[in-house]
Novice: 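Below you'll find the structure I mean.
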Amino acid sequence: MSQRLLISMLLLQVFGFQLYAESTDSLKTQVYTYKIFREIGSTSWIHTQEAFAEAEAMHADVILLHMNTYGGQVVFADSIRTKILNSTIPVHVFIDNNAASAGALISIACDSIYMRSGANIGAATVVNQSGEKMPDKYQSYMRSTIRATAEAHGKDTIVTGKDTTYVWRRDPHIAEAMVDESIYIENVVDTGKILTFTTLEAIENGFCEGQANNIEDVLRQLKIYNYEITTFKPSFYDGLKGFLTSPILQGILILVIIGGIYFELQTPGVGFPLLAACIAAVLYFSPLYIDGLAANWEIIIFIIGLVLIGLEVFVIPGFGIAGVSGIILVVGGLTLSLLDNDVFNFDGVGFNKLLEALGIVLSGLFGSLLGIIYLSKKLLSSSTFGARIALQTEENIELGYIGVEASLKEFIGSEGVAYTTLRPSGKITIDDEQYDAVAESGYIEKGTKVKVVRFVHGQLYVMVQK
């Protein structure tokens, strides 16, 4: 055999081996894994969206959730289970240890469930942060959601002789028993108990396809042997965005925004309350703007609302159209920024999402109101830190302090007219002479008849003459 022929044969073998290797790689099943090892919340939802987007971009054949959670917030669990049900890529779940509450809802949404020995699934009753059971309207929604999730998997057709029966792949009644303790199912759950399955019980009742020890074991049971695994790795920004979009934190940020603006209006020139409000507004809108939820026009109407409120306080007498419009625009801007809407097109948003966003904003506003009332009374009281940094000594005229004209004390009981609107400070006229005065309570409109009721620290205090 000539040397040239030998070299040609060797090149053909190498080239053929390379083609074989490339064809083998191209035939590998692309498996995308994603861990849910934490409480179901805003961060879990952010991670889920990122993971599914990456899986779709790489044309993954299978998505495999690796789960170990005691549950979390229903609203985010509902979003995740909807994402799974609508996925064009098959989604399977491996329950490493726990799939309780919200975790059970997410697992039931998957195409197949595999559980480690000793794992559990169920106990999906809605509870508050203290672990107390929520009212029935919350349980009713959860019962409907978990029932619909089980129904989404359809029925299996079983032919026995000449008889054909249709059996739910995931029995909706059993799924509902994970929420409602009043449900009785023979040989499954007694009345008065919330249903939770062990691995073997879940297999027996159609809520688990098999027992597995690890991801590789799950793939073997799925008959996937030649595969390549890609694992989702959340970025720092994903975690930060999830933290900032938490409903609890969003409520706190709204509280700081409104409270900061209020205290800045009450004590203009201090700067710190306004700075805190600006920082809170940036933290509130930034992640929503980057995600495309908060559009430019929604932020603009929020700013316009603040301007109108400022005009109502400092320029326009009384509290009328500008003030009410400002409040509506502020609430509207904060609420719409939480929704995936296009201008005033709410297709696909859903009424529940709208109520949820409005609830977050109104909760923050209500908290701000309570905080403002509390701080206004306590900030400079004798028992607070404010009292220790504020001047408490009264320079009474009786003790010889006469930094202001002492004769103003003689006006107590005198009647006059509001020369300007008192909000609460302003000017009044008594016998055609102007004097600085403060409204004893609320605002007093310009031209209103007033009466001097006291004189403290060189300041006249007046109230509306009745």
Side-chain angles (χ1 to χ4, degrees), residues 8-38 44 46-69 80-99 103-104 106-119 121 149 152-158 169-170 197 199-200 202-204 206-235 238:
S8 299
M9 291 178 64
L10 289 173
L11 288 175
L12 284 172
Q13 288 180 349
V14 171
F15 183 69
F17 179 78
Q18 184 177 355
L19 286 176
Y20 174 77
E22 289 178 355
S23 64
T24 302
D25 289 338
S26 65
L27 293 175
K28 284 185 176 180
T29 301
Q30 298 298 314
V31 179
Y32 192 93
T33 63
Y34 160 49
K35 290 184 177 180
I36 301 181
F37 274 26
R38 60 186 302 155
S44 301
I46 294 294
H47 288 176
T48 298
Q49 294 177 85
E50 296 286 342
F52 273 68
E54 187 174 333
E56 291 170 1
M58 64 173 284
H59 303 292
D61 300 298
V62 172
I63 296 176
L64 181 57
L65 303 186
H66 191 179
M67 178 176 289
N68 184 10
T69 180
I80 294 173
R81 73 109 193 179
T82 303
K83 188 76 173 177
I84 293 171
L85 290 175
N86 294 334
S87 175
T88 57
I89 304 173
V91 183
H92 310 279
V93 61
F94 170 49
I95 301 174
D96 206 323
N97 195 22
N98 292 293
I106 294 170
S107 298
I108 294 172
C110 295
D111 293 287
S112 63
I113 302 172
Y114 294 88
M115 300 171 63
R116 186 190 294 275
S117 176
I121 181 173
T149 305
H153 294 288
K155 297 181 177 181
D156 290 330
T157 303
I158 300 177
R169 188 180 172 206
R170 305 252 191 264
F197 280 143
T199 300
L200 294 180
I203 293 173
E204 181 181 353
F207 279 76
C208 178
E209 272 63 40
Q211 180 175 311
N213 296 318
N214 48 47
I215 295 293
E216 290 72 18
D217 197 4
V218 172
L219 293 175
R220 280 195 293 272
Q221 295 189 50
L222 288 170
K223 302 187 184 306
I224 300 174
Y225 304 106
N226 186 25
Y227 56 84
E228 182 177 355
I229 294 180
T230 302
T231 302
F232 172 70
K233 296 179 180 179
S235 66
D238 291 331

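Here, residue 1 is the first one in the sequence, and each next residue gets the next number.
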Novice: Do you know the tightest heavy-atom contact between Ala212 and Val218?
Specialist: CB-CG2, 3.6 Å
Novice: Kindly indicate whether the side chain of Thr231, heavy atoms from C-beta on, has any atom under 4.5 Å from the side chain of Lys35.
Specialist: no
Novice: Show me the donor-acceptor pairs within less than 3.5 Å that the side chains of residues 56-64 make with the rest of the protein, sequence neighbours left out.
Specialist:
residue, atom, partner, partner atom, Å
Asp61, OD2, Gln30, N, 2.8

Novice: Between Leu65 and Ile84, is there a side-chain heavy-atom distance shorter than 4.5 Å?
Specialist: yes
Novice: Minimum heavy-atom separation for Ala202 to Met115, with atom names?
Specialist: CB-SD, 3.7 Å
Novice: Any heavy-atom pair between the side chains of Val91 and Phe52 that's under 4.5 Å?
Specialist: yes
Novice: Which residue pairs satisfy the side chain to side chain donor-acceptor pair (under 3.5 Å) criterion with at least one member in residues 107-117, sequence neighbours excluded?
Specialist: His92-Ser112, Asp96-Arg116
Novice: Answer yes or no: is there an ion pair linking Arg170 with Glu209, defined by an N-O contact shorter than 4.0 Å?
Specialist: yes
Novice: Identify, with sequence neighbours excluded, every residue that meets salt bridge (Lys or Arg N to Asp or Glu O under 4.0 Å) alongside Arg38.
Specialist: none
Novice: Output, in order, the C-alpha distance, side-chain angles, deciding distance and verdict of side-chain contact (heavy atoms from CB on, under 4.5 Å) for Ile106 and Val93.
Specialist: CA-CA 9 Å; Ile106 294 170; Val93 61; over 6 Å; no
Novice: Which pair of heavy atoms, one from Thr149 and one from His153, lies closest together, and at what distance?
Specialist: O-CD2, 3.5 Å
Novice: Does Asn68 offer a backbone N or O that forms a donor-acceptor pair with the side chain of Asn98 under 3.5 Å?
Specialist: no
Novice: Would you say the side-chain atoms of Thr48 pair up with the backbone N or O of Ser44, donor to acceptor, closer than 3.5 Å?
Specialist: yes
Novice: How would you list, by chain and number, every residue that makes a ring-ring contact (aromatic ring centres under 6.0 Å, His included) with Tyr34, sequence neighbours excluded?
Specialist: Phe232
Novice: Once rounded to the nearest 0.5 Å, what's the spacing between atom SG of Cys208 and atom CD1 of Ile203?
Specialist: 4.5 Å
Novice: Please give me the minimum heavy-atom distance between Leu85 and Ala152, naming the atom from each residue.
Specialist: CD2-CB, 4.0 Å
Novice: ring-ring contact (aromatic ring centres under 6.0 Å, His included) with Phe94: which residues, sequence neighbours excluded?
Specialist: His66
Novice: What is the distance from atom NZ of Lys28 to atom CD1 of Ile224, rounded to the nearest 0.5 Å?
Specialist: 14.0 Å
Novice: Mind checking salt bridge (Lys or Arg N to Asp or Glu O under 4.0 Å) for Asp156 and listing every partner two or more places apart, or none if nothing turns up?
Specialist: none
Novice: Quick one: OH on Tyr227 to CZ on Arg220, what's the gap to the nearest 0.5 Å?
Specialist: 7.0 Å
Novice: To the nearest 0.5 Å, what is the distance between CD1 (Ile95) and CD1 (Ile36)?
Specialist: 10.5 Å
